[in-house]
There are 2 protein chains.
Amino acid sequence: MRKSSSTNLENELLINGNCGMAYTLDLIGGRWKPSILYKLLKGSTRYSQLRKTMPAVSERILILQLRELESDGVISRTVFPEVPPRVEYQLTDLGKSLEPVLRVLSDWGDANRV
Amino acid sequence: MRKSSSTNLENELLINGNCGMAYTLDLIGGRWKPSILYKLLKGSTRYSQLRKTMPAVSERILILQLRELESDGVISRTVFPEVPPRVEYQLTDLGKSLEPVLRVLSDWGDANRV
DNA sequence: CGCATAACTTACATTTATGTTAGTACTATA
DNA sequence: TATAGTACTAACATAAATGTAAGTTATGCG
């Protein structure tokens, strides 16, 4: 009989509940999330524009990362009822509050990367 | 014939090379790394002490995370030639320079977690 | 009609991260 | 001689993240 919940998931929840650092990292830690957030810091951006600036990501993965950021409340999605469709993504207030966090991460990386 | 390098890895290298934020996140982003770093901010710590404060992690995984932090230059490992053995882990200068980064991540998480 | 466009979705495949269990080397001490 | 303590390693197993390729919807335009 299989375990109803994996130790892996249990540990994730345990750590995120105990450690603010781990919680924050979990929100912004996907492969393409930093790049997405970096773009959105500059303002509302269309899906097609995100794709252009990140040509290496596949559509499925980009959408997945956007959906996760959205369900975590960091970004929001606005659909304009036009044809062809237009969808814009933007930071929520919560997302905007991440700006200093993102900047510190970015600066440290730029200063220390080899 | 298999590809000699996975797109997954290629993308990781690409992003880490372009985005300081992603680079930093990659260094500190393992499951148990935030907890380890948080402990080490308070000073040099024995392996057995780390284990006690993180009872949920298995030995293999803890060692893996420590080895990665070590090979990334964030922590160092000191062996005392005693029996039974004593091994202490401590932040390197690079690791210490992460302190403000870790603090910002921690504070944001504590303030915004539900 | 047939094609183009934007923003997706679906089904499938691979790679990476994480976890489990048991065992090892060394020696002081009982 | 047997046991305990410390810091591991090895072999195996599972879960999660990421990637590929093709299809979908809706409509304006030639």
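Numbers restart at 1 for each chain; the letters A, B, ... are given by sequence-line order, proteins then strands.
With rounding to whole Å, A:Arg86 atom CZ is found 17 Å from D:dA26 atom C1'. A straight line from CD of B:Glu10 to C1' of C:dT16 spans 15 Å, rounded to a whole angstrom. Protein atom CG of B:Leu25 is 14 Å distant from nucleotide atom P of C:dA17, rounded to whole Å. For the pair B:Ile15 CD1 and D:dA17 C1', the interatomic distance rounds to 13 Å; values are reported in whole Å. Rounded to an integer number of Å, the gap from CG of A:Leu13 to P of D:dA15 is 15 Å. Atom CG of A:Asn11 is separated from atom P of D:dA16 by 11 Å (rounded to the nearest Å). Between the CD atom of A:Glu82 and the P atom of C:dA4 there is a distance of 22 Å, rounded to whole Å. What separates CG of B:Asn8 from P of D:dT18 is a distance of 7 Å, to the nearest Å.
Contacts with DNA chain D (heavy atom under 4.0 Å) in residues 54-71 of chain B: B:Glu59, B:Arg60, B:Ile63, B:Arg67, listed by number. Contacts with DNA chain D (heavy atom under 4.0 Å) in residues 33-53 of chain B: B:Arg46, B:Tyr47, B:Ser48, listed by number.
Hydrophobic cluster membership for B:Leu9: B:Leu13 (Ile, Leu, Val, Met, Phe, Trp, Tyr linked by side-chain heavy atoms under 4.5 Å, directly or transitively).
Backbone-only engagement by A:Tyr89 is indicated by non-hydrogen atom pairs under 4.0 Å involving sugar-phosphate atoms exclusively.
Here the side chains of A:Asn16 and B:Arg113 are not in contact, with every heavy-atom distance at 4.5 Å or above.
In this structure, the separation between CE on B:Met21 and SG on B:Cys19 is 5.0 Å, given to the nearest 0.5 Å. Here the CG-CH2 distance, from B:Asn11 to A:Trp32, works out to 4.0 Å after rounding to the nearest 0.5 Å. For the atom pair NZ of A:Lys96 and CG of A:Leu40, the computed distance is 11.0 Å after rounding to the nearest 0.5 Å. Distance check, rounded to the nearest 0.5 Å: OG of A:Ser71 to CZ of A:Arg77 gives 13.0 Å. Rounding to the nearest 0.5 Å gives a distance of 13.5 Å between CZ of A:Arg46 and CZ of A:Arg51.
For C:dC8, the OP1/OP2 oxygens have a side-chain nitrogen or oxygen of A:Arg77 closer than 4.0 Å. Checking the phosphate oxygens (OP1, OP2) of C:dT20, a side-chain nitrogen or oxygen of A:Thr7 falls inside 4.0 Å.
A side chain to side chain contact (heavy atoms under 4.5 Å, CB included) with A:Asn112 holds for exactly one of B:Leu27, B:Thr24, B:Val101, B:Leu94; it is B:Leu94.
Contact check on A:Lys33 versus A:Glu68 returns a salt bridge, with a Lys/Arg side-chain nitrogen under 4.0 Å from an Asp/Glu carboxylate oxygen.
Toward the 5' end of DNA chain C, the nearer of the two residues A:Glu12 and A:Pro85, judged by each one's closest nucleotide, is A:Pro85.
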